[in-house]
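Here is how names work: the chains are called A, B, and so on, in the same order as the sequence lines, proteins then strands, and each is numbered from 1.
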There are 2 protein chains.
Amino acid sequence: MNDSLKPRSLRLDDLLKSRSRRRVQSEGATKDEQVYERIFGAIIAHRLRPGDRLPEDALAETFEVSRTVIRKVLQRLAHERLVNIQAKRGAMVSKPTVDEARNVFAARRLIETGVMDRVVARLTPAALEELRELTRAEDKALESGNQRLALQMSGQFHQQLLDLAGNEELSTFLAQLLSRSSLIIAVYGPGWKGASHCESHTVLLNELEAGNVDALRQTMGQHLDELEAALNMDAVDADLPDFKRIFNGILD
Amino acid sequence: MNDSLKPRSLRLDDLLKSRSRRRVQSEGATKDEQVYERIFGAIIAHRLRPGDRLPEDALAETFEVSRTVIRKVLQRLAHERLVNIQAKRGAMVSKPTVDEARNVFAARRLIETGVMDRVVARLTPAALEELRELTRAEDKALESGNQRLALQMSGQFHQQLLDLAGNEELSTFLAQLLSRSSLIIAVYGPGWKGASHCESHTVLLNELEAGNVDALRQTMGQHLDELEAALNMDAVDADLPDFKRIFNGILD
DNA sequence: GATGAAAATCTTGTATACGGGAAATGTTTT
DNA sequence: AAAACATTTCCCGTATACAAGATTTTCATC
């Protein structure tokens, strides 16, 4: 395939679509695909927040399909860990625990630093330009105060960077980790500023162009560390107040 | 033999169960779980071979459940990439391509070598003994000519080794890669001898006990290279003859 | 005998009905 | 008034019916 030669359309629609287009199976324009896209998009964009319940009936009515379709979509989202299904109790948007969050970032560090040699080896000028375009878009989104969009562009950046490694399996896995990262940020990054990323991304691109694998690994690892550190995972995690800590004071 | 003396029950049932027990969601004893276990097991054990069709009606009749249940199971297997679903055309056991196979092994190398530091750091004597027990079981299976069982024990070995890293997300991903490895061997390893593994596994365990991370990474990478090299992926891959290569000769 | 079109058959996609478990509400009892 | 129990309601799990697409078979034609 010679995608590397043709300058791909870089409009916003395409950028966002291409991410959600990562499919598991049939590409047919079936109903469940459309419903999946809508719900997936709502979760990623934090319009559905972790803990929100997802009753089959209500969703079926909303999208004017039967529960059959909704169930299929929810099961898929559950497999991708964006939704949590409890038997006989229904589905809700997943609420990552602190451990889960740390594991996700650890996995990202391992993978995103580990494939840098392949990325450098397979990099094309066109791909580099595409990545630069993405950082520009992210930068613009940040300047205009559109945090949500900036976050999506950031995810897209990491995704396309890893796609360069040419390993479909790893790309799919990272896609899952990225969407879960979005959930994690929804929970642990309330007043989150994506300020430092864009610079990091630019640094990454410069090192990528220079072809310095070791520096890339170093920078990427640091970048992910910063991302994780910017979250406040000490915050209360559970639905209920943390009674243990509250009543471990003088009065008890 | 007297199993009662062993620290943990290490009977075959437990060893095999624990692998397939890796679940995505609810642990309830629902129907689809049972059906899933049966079909999953049949695929892993190569009783269902890549390319075999999986019609919903026939399966529903076999397991005495409705198509609803079968569909749910097939969708889950499809998400795990063990089954391929084509719209309006039904499901079949996945038939990994050569590229897919190489990607799976590349991903395994990255992960299984990458977490060795964590594994060494978190290793316990009990876990080490469990791993030794697994290699013994694998060895015994090989000696008695039970290739199929040996393969499962080998997978179990890799799984438990990685589980020591304590990263649930990576463990789940590896579980998927391991079951897909089984499919790959079904396609590209017809006269496959698992001879060299057990020794490799023993070497790994010795290095693990010594706590030498670098040596472990080296050995594990080599081990996976050997596994991949033992496959004959030059063999004809597609159902149809490779017309491109055939007609790229002088005559065309 | 081979080719192509039309019909029949098979299989999946979707909707809907019914049964059952869990939570919520209301009632009774202490 | 509070707690325990009964009932109601809501929602999910499963089965089944019908519609639609894909494949195979059949048949006419060259």
Side-chain angles (χ1 to χ4, degrees), chain A residues 23-40 42-43 48 50-95 238-240, chain B residues 23-40 42-43 48 50-95 238-240:
Chain A
R23 301 253 163 74
V24 171
Q25 47 197 57
S26 62
E27 284 277 346
T30 51
K31 286 187 180 179
D32 40 275
E33 279 298 334
Q34 301 176 31
V35 174
Y36 171 83
E37 298 292 343
R38 302 275 306 268
I39 300 183
F40 176 88
I43 293 176
L48 281 171
D52 283 353
R53 300 208 58 198
L54 302 170
E56 298 175 1
D57 286 335
L59 291 172
E61 202 173 336
T62 301
F63 294 108
E64 292 178 312
V65 295
S66 72
R67 275 179 54 219
T68 309
V69 176
I70 300 296
R71 281 176 70 75
K72 183 175 177 182
V73 170
L74 289 178
Q75 278 157 24
R76 176 172 169 191
L77 288 167
H79 205 116
E80 293 169 357
R81 300 291 215 137
L82 294 182
V83 155
N84 200 324
I85 297 182
Q86 289 175 303
K88 299 260 183 191
R89 295 201 47 203
M92 63 167 59
V93 180
S94 285
K95 204 177 203 168
D239 292 314
L240 294 173
Chain B
R23 301 254 163 73
V24 171
Q25 46 197 57
S26 62
E27 284 277 344
T30 50
K31 286 186 181 180
D32 40 273
E33 280 296 334
Q34 301 176 31
V35 174
Y36 171 82
E37 299 291 344
R38 301 276 307 266
I39 300 182
F40 177 87
I43 293 175
L48 281 172
D52 284 353
R53 300 208 58 199
L54 301 169
E56 298 175 0
D57 284 334
L59 291 172
E61 204 173 333
T62 301
F63 293 109
E64 292 177 312
V65 294
S66 73
R67 275 180 52 217
T68 310
V69 175
I70 299 297
R71 284 184 126 263
K72 183 175 177 183
V73 170
L74 290 178
Q75 278 157 25
R76 176 172 168 189
L77 288 167
H79 204 118
E80 294 168 356
R81 299 293 213 138
L82 294 182
V83 155
N84 200 318
I85 298 181
Q86 290 175 300
K88 297 265 187 191
R89 297 202 44 204
M92 63 167 58
V93 179
S94 286
K95 204 177 201 168
D239 293 314
L240 294 173

Quick test: give all pairs of protein nitrogen or oxygen and nucleotides 18-25 of chain C nitrogen or oxygen below 3.5 Å, distance rounded to 0.1 Å.
unit_1, atom_1, unit_2, atom_2, d
dA23(C), OP1, R89(A), NE, 3.4

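- With sequence neighbours excluded, no residue forms a side chain to side chain contact (heavy atoms under 4.5 Å, CB included) with T62(A).
- First and last contacts of DNA chain D with chain B, using any nucleotide atom under 4.0 Å from a protein heavy atom and ordered 5' to 3', fall at dT14(D) to dT23(D).
- Across all their heavy atoms, R53(B) and G90(B) have their closest contact at NH2-CA, 4.2 Å.
- When all heavy atoms of V73(B) and D32(B) are compared, the pair lying nearest together is CG2-O, 3.5 Å.
- Here the side chains of I39(A) and F63(A) are in contact, with some heavy-atom distance below 4.5 Å.
- Heavy-atom minimum distance, V83(A) versus L74(A): CG1-O, 4.2 Å.
- E56(B) has its CD atom 10 Å from the P atom of dT11(C), to the nearest Å.
- Between the C1' atom of dT14(C) and the NZ atom of K72(B) lies a distance of 18 Å, rounded to the nearest Å.
- In this structure, R76(A) forms a cation-pi arrangement with Y36(A), its terminal cationic atom sitting closer than 6.0 Å to the ring centre and no more than 45° off the ring axis.
- In terms of heavy atoms, S94(A) sits closest to P50(A) at O-CB, 3.2 Å.
- The side chain to side chain contact (heavy atoms under 4.5 Å, CB included) test applied to R67(A) returns E56(A), D57(A), A60(A), R71(A), not counting sequence neighbours.
- The CD1-C1' distance, from I70(B) to dT11(C), rounds to 14 Å in whole Å.
- The residue among G90(B) and T68(B) whose nearest nucleotide of DNA chain C is located toward the 5' end is G90(B).
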